[in-house]
Number of protein chains: 2
Amino acid sequence: MIEQLKPRLDVHNSEMPVLCQACEARHRGICGVLTPSQLVTLSKHTTKQVVSPEQQIAFEGETTKRFANILHGVVKLSKLTADGRQQIVGLQFAPDFMGRPFSKENDYAVEAATEVRLCSFPRSTLEQLTTESPELEHRLHQQTLKELGEAREWMLTLGRKSASERVASFLHFIAMHINPEVSHTHGSQQFEIPLKRSDIADFLGLTIETVSRQFTRMRQAGVIKISNNRTIEIPDMAKLAALTETNIQD
Amino acid sequence: MIEQLKPRLDVHNSEMPVLCQACEARHRGICGVLTPSQLVTLSKHTTKQVVSPEQQIAFEGETTKRFANILHGVVKLSKLTADGRQQIVGLQFAPDFMGRPFSKENDYAVEAATEVRLCSFPRSTLEQLTTESPELEHRLHQQTLKELGEAREWMLTLGRKSASERVASFLHFIAMHINPEVSHTHGSQQFEIPLKRSDIADFLGLTIETVSRQFTRMRQAGVIKISNNRTIEIPDMAKLAALTETNIQD
DNA sequence: CGTAAAATTTGATCCGGATCAACCATCATC
DNA sequence: GATGATGGTTGATCCGGATCAAATTTTACG
């Protein structure tokens, strides 16, 4: 059902300030405002981390000591039952803020789904900044609301949709996040799926076999084209969108 | 699959300020701070509303014009597919804040699950208060984070748990919220289930028949005692908690 | 390149929960 | 008491997706 947890990537011991790759031109040695949608304005003692896929960033249940901005890549949040069944409960994309502020416990595992570049900083920095700037908390609140909306949308998917609808919903979700500027109701799109089949299965509450069969079916139906298992082309987004709430069998 | 939506309860037209039942002794004619866990400090133009079960408070997709504090009762948040499948994506208990601030759209239906007393106020009041007080936004953010945590916990339930585990998880969830001060890992508890079977099914992503069968099974196994379909006694919470992640068949 | 490990696909069978159907209990209204 | 309406339980059958198994493709690396 799940792959065993990999050794933890210790971002906590990397206190040496480094040049933030995303903003070095403007803030030498300090990681500052990166983009208009960047959430946190960082000050000193920031670090950049490169983590490989599957490397664990924080264990479920552990106290959050550091936070980070995602500069590049996709991060998955997942929960486990005692006997090892896994459910991915969220995906985060650049430039999301990562970590649960104000809560002492992470109640899910955080892992890199693809190669990820992070701009990391300690809890104290965040707490100091939020007390100084109400605007910062407002932005964090906005992201939390967005994540809550996505989590609830996904509850509908997990609770009431068939396998074919779940896979269509997944592709629609990924398309929106990988190509946010493009219409997700018309036209064509192309992107790399940032997850392997077992991650998709854990996100959709299905098995890898069922996910694979649904991909095959959608490919045969002409809804998607796949190359290299990861590269997806969707000729007609409207057709895909329709499939997110239409049950297809055999 | 679902019951048809009932006529909307128009809280918007009830602008007449009334005595807030929860705090009249301290703030005559104004709904003020109600309890230590009360989220919003209200000023003028507040109203009190009594809504009956199943009355619709706000439609999915509609712009949120008013917000409210829940003074008593249980409110359910639900989403629908185009063809009418329903999923309850959240339950709110007193003294939760109700409504999505800062987002122009409610993307789910809000209904009273039991009789509910609300302390309602317009969007403008909330926006004014949040700009004046960073502390208020912090409290709202806290609640949003709590709801996000619950939504993600429920994603695990919907995606990876069996019917028996889902029903046990549901009872555990309700027990925690109805009797928050009591241990939910030891001892006994008793409470009224605030939902009917069809609501439970829509919360758990199951059918009413499956929910009913699981209740019967748990009653026969001595994990619960039921009277009047709604009154539940749980002799041993530890046993219930164990069942939330242990699959039981026949 | 060759070989092993990992990831994905495909096939056959099984089973948990959905579906369809009947029945029972409670309550409101005449 | 009769009559629905609403909510809940129980039984029989069916099917979508899980499970078990094996083949195939892709990736990693000497």
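Just so we're clear, the structure is a prediction, and the values are computed from it rather than from any experiment.
- Side-chain proximity of R197(B) to dG17(C), dT19(C), dG8(D): nearest is dG8(D).
- Rounded to an integer number of Å, the gap from K196(B) NZ to dT26(C) P is 18 Å.
- Candidate nucleotides dT10(C), dT10(D), dG17(C) were compared by shortest atom distance to the side chain of R213(B), and dT10(D) ranks first.
- Minimum atom distance to the side chain of S162(A) is reached by dG17(D), of the listed dT10(D), dG17(C), dG17(D).
- At dT9(C), one or more side-chain N or O atoms of N229(A) fall inside 4.0 Å of OP1 or OP2 (strictly under the cut-off).
- Closest to the side chain of T207(B), from the set dT9(D), dA18(C), dT8(C), is dA18(C).
- Atom pair R85(B):CZ and dG16(D):C1' shows a separation of 13 Å (rounding to whole Å applied).
- Rounded to an integer number of Å, the gap from L206(A) CG to dA18(D) P is 5 Å.
- For the pair I193(B)/I226(B), no side-chain contact is recorded, criterion being any heavy-atom separation below 4.5 Å from C-beta on.
- Nearest to the side chain of R230(A), among dT8(C), dA18(D), dT9(D), sits dT8(C).
- The nearest whole Å value for the distance from the CD1 atom in I248(A) to the C1' atom in dG16(D) is 14 Å.
- For E209(A), whose side chain is taken as the heavy atoms from C-beta onward, the closest listed nucleotide among dA7(C), dG11(D), dA21(D) is dA21(D).
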Inset, instruction - Report the C-alpha separation of T231(B) and E192(B) in whole Å, then their side-chain angles, then the decisive distance to 0.1 Å, and conclude whether the side chain to side chain donor-acceptor pair (under 3.5 Å) test is met. - result: CA-CA 4 Å; T231(B) 307; E192(B) 298 276 306; 2.4 Å; yes

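- Aromatic ring pairs are classed by plane angle as parallel below 30°, tilted from 30° to 60° and perpendicular above 60°; the pair F170(A) and F203(A) is perpendicular.
- Phosphate proximity of dT10(D) to T216(B): present, with a side-chain N or O under 4.0 Å from OP1 or OP2.
- A distance of 13.5 Å separates CD1 of I88(A) from OH of Y108(A), quoted to the nearest 0.5 Å.
- Following rounding to the nearest Å, F215(A) (CZ) and dA7(C) (P) show an atom-to-atom distance of 16 Å.
- Between dG17(C) and T210(B), no contact under 4.0 Å exists linking OP1 or OP2 to a side-chain N or O.
- Regarding R219(B), its CZ atom lies at a distance of 11 Å from the C1' atom of dG8(D), rounded to whole Å.
- One can place CZ of R166(A) at 12 Å from C1' of dA18(D), the figure rounded to the nearest angstrom.
- Atom-to-atom, CG of N228(B) to P of dT26(C) comes out at 9 Å; the value is rounded to the nearest Å.
- The CG atom of L195(B) lies 7.0 Å from the NZ atom of K76(B); values are rounded to the nearest 0.5 Å.
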